[in-house]
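Residues take their numbers from the sequence shown, with the count starting at 1. Worth knowing before you read on, the calculation uses all heavy atoms, side chains too, and leaves out hydrogens, waters and symmetry mates.
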Amino acid sequence: MKRSAHALARMRTVVFISAGVLAAFSAVCAKVDVNLTYVGLFLAILELSAYFAYSIATAKKNSITEKNFPVLSNITLDFLMQFIYPVVIVDSEGVIIWYNKSFSDNVMSSTVLYNLNLNDVLPEKINMKHLGNDKSDGRFRATLAENSYDVSSYTVSAGKKLYYLTVWQDRSEVTKLENEIKEKNPIVSYISVDNYSDSVSSRQNDYRTVTAKIAMLLQNWASEHNAILRETDRDRYIMIMEEKYLASMMEKKFDILDDVRDLSEDSMDVPVTISIGVAFVDGSFSEKEEVAHTALDLALQRGGDQAVVKTKTAIEFYGGRTKTVQKRTKIRSRIVAGELTSLIKKSGNVLIMGHRYADHDSIGSCVGVARLAEEHCDKINIVVNLNDINLKNIFEKLKGIEKYEDTFVDAATAQELVRPDTLLVICDVNNSAMFESPELYGSVPNVVIIDHHRKTGEFVITPKITYIEPSASSASELVSEILEQALPQGSLLKEEAELLFSGIILDTKQFTRNTGTRTFSAALYLRGEGANPGEAQMLFKTDLKEFLREVKFESNVVIYKNVIAISVYEGLAVPADKIAASKAAERLLAVEGVSASFVLCIVDNAVHISARSSGSVNVQLILEKLHGGGHFDSAGAQLKDMPMKNALSMLKEAIDEYLNND
């Protein structure tokens, strides 16, 4: 009797565990194939029914014996063993407790897998958290024998221990179809001839010949990638292709840019270049077209001659290694003048700011915008660091002018001036990390950007007006053109005109670099408004202390790669040293054989890098790799909480990458 009771208890344990596994298996199968659920439940019910029949028979001293019962358990085990899908049972640590034949066949291993960790037999490790817990099921993707599987798991409790029953459904065919569909995903892109109008006005006949060749070149390029190319305007194309060809274009860094430039360089006074905007996103054709248009605008705002690939989460840039050609027309400045005037009239107050560690171009352009705003609004403020000693000459210049007595405010005061109808105008910078007050930018919904530096990325807040013209010499030049269009002649104060003039002097290195007809036109306008070049030049005078500060950056200079001058100041610098560093970088270009210079110093736990170029090296592209930016021949970057040694190493890697791709 005792033996029978003991046997019955042992069988009860075996049956309940087996039935539990089958029930869990049925729950997992419900996610894979509902028909398999019925099979699993049938076996579980059959086994439980047999157990109860055995119990009753034992109670009645029936003739059924312990030897007969394991037949049903064997049916259960055999069913799982021969099941078409791989099945594995693991413990809470991922150690394999049991597996069926299908799993071992897929693993293609003759080694016994018991007591091995599941991740030890998979080509790609999985996170054990995906297996689920005592309250939920798990479902995840995994790779087995180079095939992709959807894995469903269910938690089984035995005493205080947890086990996971996993069923693996092969989804290789589905994955293959998904990849095929993905490869055929339509990619929309826009292509624009950057300097169409300039080339037309220079040599009409040559232009027609070159543009015909460019059209043929683009058509052949599109045909190579089985793309559709259609001209939408004289200087613009739209191209649609399959996604599988985009990787090749990106790998070749959109070599069509070089092909177009090389084609026109020998036959045109103004070489023709193209810009490309690519929408690498999901969505409708309308949504992709809009993204492609945005990407093209970004390419043009960065100076053209480049491709911009815009994805859901990132923006990639290719090309942009040539210097921009200044456009002769002022149509855009006339449009911006009208739009800006309209926004000012609708605003309750206007805040204007430039970049941190403001220079003459930043302050000069802010003062110019303030002059325009004063015509249509009573409340105008310029946001600056009032304690910046580098601005003392500018403050002294405006001292005594009544309207500027309360115009300049610091960032904290500016925050208190923000209203729902406030307009924020940002001059000489488009990188939010470099704004005088990034917090102010995040507080004002109505924003205008006026800048001559290449655009570094998308804006967090979409500006009402984005006037970014990398071909301009300075922000002061752009603002001067706006004022010329929007104000009557003789409206500027002499001091205002001289501040704008000093901004142009600074960024053109006294009209020796990055100048065009519009630069001299802006200077002529400012002269007509009373600007005296000699007095504007006096704003750059420095005292002996500042002069010595500049000299210390020139005592530790090395020539890197034969053409790059790098100066490192190892000591702790003060904010005023940033201006000195930029001046030192400028003077290093006078060294014979130097094409670009970089000056590094540590200010407030950040390595500041000032870069200058003589015109053959795009320092903006180099410092973009360090999350900096600027202009083709004038750029900067900040590397926070980083030792000088690491910053110098990163800079050299960026220079190497640039020169190797040249």
Side chain to side chain, [X] and [Y], heavy atoms closer than 4.5 Å:
| X | Y | result |
| --- | --- | --- |
| Val291 | Phe280 | no |
| Gln415 | Ser443 | yes |
| Phe254 | Val309 | yes |
| Val383 | Leu440 | yes |
| Ile426 | Val429 | yes |
| Leu391 | Ile363 | yes |
| Lys578 | Gln638 | yes |

How long is the gap from [atom1] on [X] to [atom2] on [Y], to the nearest 0.5 Å?
| X | Y | atom1 | atom2 | result |
| --- | --- | --- | --- | --- |
| Asp194 | Leu300 | CG | CG | 6.0 Å |
| Ile274 | Arg236 | CD1 | CZ | 12.5 Å |
| Gln537 | Gln510 | CD | CD | 4.0 Å |
| Phe501 | Leu526 | CZ | CG | 7.0 Å |

(request) Would you check if there is a donor-acceptor pair between the side chains of Asp359 and Ser362 at a distance under 3.5 Å? (result)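 Distance-only check fails for Ser362 and Asp359.
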(message) Quiz question: by atom type and distance under 3.5 Å, do the side chains of Ser473 and Asp507 form a donor-acceptor pair?
(response)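 Note: Ser473 and Asp507 side chains miss the donor-acceptor criterion.
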So which pairs with a foot in [range] pass salt bridge (charged side-chain N to carboxylate O under 4.0 Å, His left out), sequence neighbours left out?
| range | result |
| --- | --- |
| residues 430-439 | none |
| residues 278-294 | Asp282-Lys312 |
| residues 380-404 | Glu374-Lys403, Lys392-Asp543, Lys392-Glu546, Lys397-Glu498, Lys397-Glu535, Lys403-Glu496 |

Kindly check if the number of other-residue, nucleotide or ligand heavy atoms within 6.0 Å of [atom1] ([X]) is above 12?
| X | atom1 | value |
| --- | --- | --- |
| Lys464 | NZ | no |
| Lys494 | NZ | yes |
| Asp233 | CG | yes |

(request) Kindly write out the residues that satisfy side chain to side chain contact (heavy atoms under 4.5 Å, CB included) with Ala475, not counting sequence neighbours, or none if the list is empty. (result)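 Ala475: side chain to side chain contact (heavy atoms under 4.5 Å, CB included) contacts with Asp361, Ser365, Asp428, His452.
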(request) Show your reasoning for whether side chain to side chain donor-acceptor pair (under 3.5 Å) applies to Ser597 and Arg612. (result) CA-CA 5 Å; Ser597 60; Arg612 296 294 184 271; over 6 Å; no
(request) For His360 and Phe540, run ring pair (Phe, Tyr, Trp, His ring centres under 6.0 Å): C-alpha distance rounded to whole Å, both residues' side-chain angles, the deciding distance at 0.1 Å, then the answer. (result) CA-CA 9 Å; His360 293 73; Phe540 297 99; 4.2 Å; yes
(request) Might you work through the side chain to side chain donor-acceptor pair (under 3.5 Å) test for Asn381 and Thr407, ending with a clear yes or no? (result) CA-CA 5 Å; Asn381 293 99; Thr407 298; 5.8 Å; no
(message) Parallel, tilted or perpendicular, judged at 30° and 60°: which one describes the rings of Tyr441 and Phe435?
(response)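 The arrangement is perpendicular - the two ring planes meet at more than 60°.
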(request) For Tyr467 and Glu469, run side chain to side chain donor-acceptor pair (under 3.5 Å): C-alpha distance rounded to whole Å, both residues' side-chain angles, the deciding distance at 0.1 Å, then the answer. (result) CA-CA 6 Å; Tyr467 188 24; Glu469 183 53 74; 5.7 Å; no
(message) Does anything in residues 601-628 form a ring-ring contact (aromatic ring centres under 6.0 Å, His included)? List the pairs, not counting sequence neighbours.
(response)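 Listed once each, the pairs are Tyr357-His608.
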(message) The criterion is ring pair (Phe, Tyr, Trp, His ring centres under 6.0 Å); which residues satisfy it with Phe408, sequence neighbours excluded?
(response)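 Phe408: ring pair (Phe, Tyr, Trp, His ring centres under 6.0 Å) contacts with Phe395.
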